[in-house]
Amino acid sequence: MTDGFEFCDALGPTKIIHIYEPEIKLRGILVVDNTAAGPAIGGLRMATDVSVTECFRLARAMTLKNAAAGLPHGGGKSVLYGNPKIPIEEKEHLIRAFSQALRGNRDYIFGPDMGTNEVCMAWIRDEIGASVGLPREIGGIPLDEIGATGWGLYHAARIAVDHFDFDLQGARVVVQGFGAVGKHAARFLTDAGAILVAASDSQGMISKPQGLSFHELAAHKEGGHSVRTFTDGQADAADKIIDIECDIWIPAARPDVINEHNVDRLNTKIMIQGANIPCTASAEERLHERGILVIPDFIANAGGVICAAMEYQGSTQSTALRAIEEKITHNVEEVLALAQQQNLRPRQAATQMAEKRVRNAMTYRRFSSFSNAPNFL
Ligand code: NAD
């Protein structure tokens with residue numbers, strides 16, 4: 001195991017805590033990366049193969065994502081070692097014990113992540129009161145059900161098309177991964193007049209150049225079937241979705257789906273990244289060389305975390321949706337303007353924007369090296 005200090009830099013991490021209770025087989029880690037903008041929000045991941053390094057990387061990604069989203073929250077992450085599919089009573093026991101062990105930390109708010117869900121967040125809320133992504137009955141806004149991230153992707157697409165000579169009305173859209181993120185992105189885009197020419201899931205893909213019926217396809221999927229068995233379209237293997245000609249291609253499935261072996265097959269003008277890190281670095285660079293506009297993941301897919309932060313403030317669902325619209329519209333505009341002015345890739349511009357916001361927030365801290373203010377200590 002790493003000692004946790006080799007990745008310390010000017011932003012953090014401010015705190016790394018290891019919890020170990022051998023009697024009850026509890027082992028977990030909390031990394032609070034940076035809290036200059038406010039208490040850190042980040043997911044609790046439960047998996048058998050997590051590490052301090054992974055936890056730190058995820059915490060840093062949350063620092064930048066929350067800052068890029070303009071939220072009054074820093075970044076953190078927690079991991080619990082174990083199989084998330086253990087019997088529910090054992091899982092509840094572990095998660096309650098883990099949150100109790102961390103109860104003194106007022107600078108971290110738990111959210112759901114791989115291996116945890118809204119029920120786990122309710123247990124933590126019951127123990128220590130510091131979690132988001134709760135069930136509706138106790139003040140939660142069910143972000144996957146309302147399509148918070150898809151709503152943000154739609155607004156990112158709305159701004160991105162302004163840089164091209166076509167409108168959303170009639171734009172041909174492809175969605176890889178017709179799940180919580182991809183399905184709602186397709187819903188909002190088709191509501192705005194876009195044409196869904198192809199969609200996929202892990203079993204396969206379905207395409208139709210004249211446009212798939214979103215509502216019929218969503219009903220088919222909700223009935224427990226793969227999009228591949230939808231009859232009003234041409235079915236094919238999942239990977240074939242990369243070749244479908246379109247205006248907007250939305251990855252909403254897995255990391256690294258676009259890499260140096262398949263990037264040149266993409267036939268789109270815009271990529272709006274719904275999944276986290278859907279392209280390898282070299283593939284994303286290749287997209288830029290080809291003139292394809294990429295709206296990076298942590299700018300485009302921040303709808304979920306914005307929704308969670310609004311839930312934490314006690315906001316209603318409609319206020320949360322308005323905040324997502326306003327923040328993602330503003331951030332995509334700012335990133336594209338900065339990229340244009342300074343001849344940067346959108347991802348570089350987004351990282352620069354987020355880091356600047358974190359550093360600005362850090363100027364208000366007692367031990368700030370970024371501050372220009374007189375030292376009163
Ligand atoms: P989900 O499980 O609801 O949906 C994922 C979909 O992708 C499923 O339909 C699955 O069948 C499909 N899929 C898996 N492998 C595939 C493949 N090889 N080809 C095509 N489809 C494939 O998950 P989700 O919540 O929609 O999340 C999707 C991605 O977006 C993940 O990378 C997640 O980390 C990221 N993300 C989610 C949110 C959110 O609010 N849920 C927010 C930010 C980022």
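Numbering of ligands and ligand atoms starts at 1, following listing order.
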Peer 1: Could you list each N/O atom of ligand 1 together with any protein N/O atom closer than 3.5 Å, one pair per line with the distance?
Peer 2:
from: ligand 1; atom 1: 3 (O); to: A180; atom 2: N; distance (Å): 2.9
from: ligand 1; atom 1: 11 (O); to: S202; atom 2: N; distance (Å): 3.0
from: ligand 1; atom 1: 11 (O); to: S202; atom 2: OG; distance (Å): 3.4
from: ligand 1; atom 1: 21 (N); to: D201; atom 2: O; distance (Å): 3.4
from: ligand 1; atom 1: 26 (O); to: A180; atom 2: N; distance (Å): 3.1
from: ligand 1; atom 1: 26 (O); to: V181; atom 2: N; distance (Å): 2.8
from: ligand 1; atom 1: 32 (O); to: A253; atom 2: O; distance (Å): 3.2
from: ligand 1; atom 1: 34 (O); to: N276; atom 2: ND2; distance (Å): 3.4
from: ligand 1; atom 1: 40 (O); to: T149; atom 2: OG1; distance (Å): 2.7
from: ligand 1; atom 1: 41 (N); to: D144; atom 2: OD1; distance (Å): 3.0

Peer 1: Mind telling me whether W151 and H155 have parallel, tilted or perpendicular rings, with 30° and 60° as the class edges?
Peer 2: perpendicular
Peer 1: Does this structure show an ion pair linking E285 with R345, if we count only N-O contacts that are shorter than 4.0 Å?
Peer 2: yes
Peer 1: Determine, for R103 against E127, whether the closest basic-nitrogen to carboxylate-oxygen distance falls under 4.0 angstrom.
Peer 2: no
Peer 1: Begin with the C-alpha distance, continue with both residues' side-chain angles, and end with the deciding distance and a verdict on side-chain hydrogen bond (donor to acceptor under 3.5 Å, both in side chains) for H18 and R27.
Peer 2: CA-CA 7 Å; H18 182 210; R27 194 175 154 215; 3.2 Å; yes
Peer 1: Does the salt bridge (Lys or Arg N to Asp or Glu O under 4.0 Å) test come out yes or no for R265 and D239, once each step is laid out?
Peer 2: CA-CA 11 Å; R265 287 169 45 200; D239 177 67; 3.1 Å; yes
Peer 1: Using a 4.5 Å cut-off on heavy atoms from C-beta on, say whether the side chain of E245 contacts that of R172.
Peer 2: yes
